[in-house]
Amino acid sequence: MGDFLGVLTHHWEIFRDGFATTIELFAISAAGSLVFGAALGAMRVCPVPTLRAFGAGYVNVVRNTPLTLIFAFGVFGAPKLQVGLDYFPTACVALTAYTSAFVCEVVRAGVNTVPVGQAEAARALGLTFSQTLGSVVLPQAVRSIVPPLMSVVIALLKNTTIAAGFSVLEAGAISAYLAEQDEPRLSVLIWITIGFLVLIVPLAALQRHLERRWAVLR
Amino acid sequence: MSVLYDLPGPRARRRNRLVGVVSAVLLGGFATYVVVRFVHTGQFSAAKWQQFEYASVQRSLLSGLGATLTAAALASALALVFGAVFTAARLSLIGPLRRLATGVVELFRAVPLLILIFFAYYVPLQYGFALPKLWSLVLGLTLYNGSVLAEIFRAGILAVPKGQAEAAAAIGLSRGQTLRVIQLPQAVRAMLPAIVSQLVVLLKDTALGFIITYPELLFESKQVGGKLVFELPYVPTYLVTGAAYIGICGLLSFLAYRLQRRLARSPRIPADAGA
């Protein structure tokens, strides 16, 4: 048991740096995919056919492509097009491009749960488009958007491990790194698992809390 | 009609047309940029595309596709069994069994899939026993997707009206019989779309086999793409591979969507369901 704990204490810096990179990757990609995903979602519900078609096309292509393929394209394909980036930015772009499609679907589904009568009533009162959006539609939509959005965000956090297969030294890569120093894989992997549980359990708890609180209010 | 926008009047129609034209120009511009990149870096060169005419290239891509489908089929079957077993355990009346099953399902859902695959691949290696890569991948996929399916099954069974189970108990069916004959047939109908969607996710996730060098489609395309004879055709190869994934997954997603539509349209319990 002392040996098991020793794996963590002897290589504390590696674990710390690995998870720091994971969190950095997660934060950048989460921010990116929320912005880009929301924009795509807005395109999918807008009255301009060109934008609607683009949104639908993007979502259908990206959702049916493995994230690992997007990573592989970014790492091996993009340099051949002379648009290659460093490993870390490539990972951010790949995760953002992939997660945005899921964010977009959540946003679209959330907006569509608001009954049309709500917006009609708002317009009948003479509210402008931005007033209808800001004071009537979004406050109701957010309640049905946030819980599934949390699932998407949790999935993103778990997906950051794929970057380990593409030369980003984040938490998933710790086990390969320490294997070179002859540390037992089992102990290292258990520590990585514990690290992820520490990050994910609070997020999942928050999700369940929001879900329960807002389910009543609707 | 979406909730956000009123029916357009003449001014809104004009504005929509303008936005449509501007966005079409921007998107067209981006598409042109991509094509120019392709031409500029010689992605349309004959050698890069002629490789697909070679039997050896076709063989390795097809064997990759075969390996992907094998892993997906094995993992799907095992995950469905895993999900069913753990759902039964979670609905059982034996407290400790229920809590154990819940713990296992929650744990495997929270751990990144790649880490599960690493467990299944590297830990046996550490004890001097090499599990074939196919089975490491299948094991990881089964544990993760089986747990997600267990959650889907449980939600599906809990969504069946309570009166059904009570009526079954009243006519003297055992709990097992109630689950099998009364609750499952009704629940499966409702959750079929969710099950198919999860199996699409599983199929996509077989691509993680690439990272433990299981020779699936993505792995083979990297081998093919790295051939100097064909001027390193990474881009054409990934485009073809991507199209294959999108085609297969898209077809399955479409099936799930159709199922959902059909189930939403038909009444929950058919009027003449005598059998």
Side-chain angles (χ1 to χ4, degrees), chain A residues 43 45-51 54 60-61 63-70 72-73 76-83 111-112 114-116 118-120 123 129 132-133 137 141 154 157-162 164-166 171-172 175-176 179 184-186 189-190 192-193 196-197 200-201 204, chain B residues 1-6 8 12 16-17 19-21 23-24 27 34 37-38 40-41 43 106-107 110-115 118-119 122-123 125-127 200 203-212 218 221-222 225-226 232-235 237-239 241-242 245-250 252-253:
Chain A
M43 285 184 196
V45 295
C46 85
V48 180
T50 329
L51 292 178
F54 172 74
N60 283 328
V61 166
R63 274 207 311 182
N64 290 318
T65 311
L67 177 54
T68 323
L69 174 63
I70 301 178
F73 190 87
F76 305 113
K80 294 282 160 292
L81 293 170
Q82 293 169 12
V83 289
V111 168
N112 284 340
V114 180
V116 179
Q118 293 285 325
E120 283 172 351
R123 281 193 290 266
F129 174 76
T132 310
L133 183 69
V137 176
I154 292 172
L157 176 56
K158 295 197 286 175
N159 281 337
T160 55
T161 47
I162 297 177
F166 297 91
S175 91
R185 287 274 194 172
L186 181 59
L189 283 171
I190 290 178
I192 296 173
T193 305
F196 271 103
L197 289 181
I200 285 170
V201 167
Chain B
M1 193 68 240
S2 120
V3 59
L4 285 178
Y5 298 91
D6 206 351
N16 287 350
R17 256 202 306 278
V19 174
V21 168
S23 54
L27 292 174
V34 172
R37 276 278 108 205
F38 270 54
H40 183 70
T41 56
Q43 299 303 330
E106 293 289 327
L107 175 69
V111 179
L113 175 53
L114 186 63
I115 301 294
F118 281 174
F119 265 110
Y122 290 114
V123 174
L125 270 185
Q126 182 190 332
Y127 294 105
V200 173
L203 177 64
K204 283 195 316 177
D205 283 344
T206 56
L208 289 173
F210 172 79
I211 296 175
I212 57 163
L218 193 57
S221 8
K222 172 145 191 268
L232 296 175
Y234 280 116
V235 174
T237 314
Y238 280 138
L239 288 182
T241 309
Y245 275 114
I246 293 166
I248 298 171
C249 296
L252 287 171
S253 300

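- Contact count against chain B (heavy-atom pairs under 4.5 Å) is highest for A/Ala72 among A/Ala176, A/Ala72, A/Ala119.
- A/Asn159 is linked by a side-chain contact (heavy atoms from CB on, under 4.5 Å) to A/Leu67, A/Leu95, A/Tyr98, A/Ile162, counting only residues two or more places apart in sequence or in another chain.
- Across all their heavy atoms, A/Leu51 and B/Ser23 have their closest contact at CD2-CB, 3.4 Å.
- Atom OG1 of A/Thr161 sits about 7.5 Å away from atom CD1 of B/Ile211, to the nearest 0.5 Å.
- The parts of B/Phe38 that come within reach of chain A are both its backbone and its side chain, each placing non-hydrogen atoms under 4.5 angstrom from that chain.
- Contact check for A/Asn64 versus B/Ser253: side-chain heavy atoms found under the 4.5 Å cut-off.
- No other option in A/Ile190, A/Thr160, A/Ile200, A/Leu69 has as many heavy-atom pairs under 4.5 Å with chain B as A/Leu69.
- Residue with the most contacts toward chain B among A/Gly165, A/Ala204, A/Ser175, A/Pro184: A/Pro184 (heavy-atom pairs, distance under 4.5 Å).
- Distance check: A/Leu133 CG to B/Tyr5 OH gives 7.5 Å after rounding to the nearest 0.5 Å.
- Between B/Gly20 and A/Val48 the shortest heavy-atom distance is CA-CG1, 3.3 Å.
- Only the side chain of A/Ile192 has a heavy atom closer than 4.5 Å to any heavy atom of chain B.
- Between A/Phe166 and B/Phe210, the ring planes lie parallel to each other; the angle is under 30°, not in the 30° to 60° tilted range.
- Distance CZ/A/Phe129 to CG/B/Leu4: 5.5 Å, rounded to 0.5 Å.
- Among residues two or more places apart in sequence or in another chain, the salt bridge (charged side-chain N to carboxylate O under 4.0 Å, His left out) test is passed with B/Glu106 by B/Arg109.
- Residue B/Leu232 touches chain A through both its backbone and its side chain, counting heavy-atom pairs closer than 4.5 Å.
- Proximity of B/Arg37 to A/Val83: side-chain heavy atoms (C-beta onward) are separated by under 4.5 Å at one or more points.
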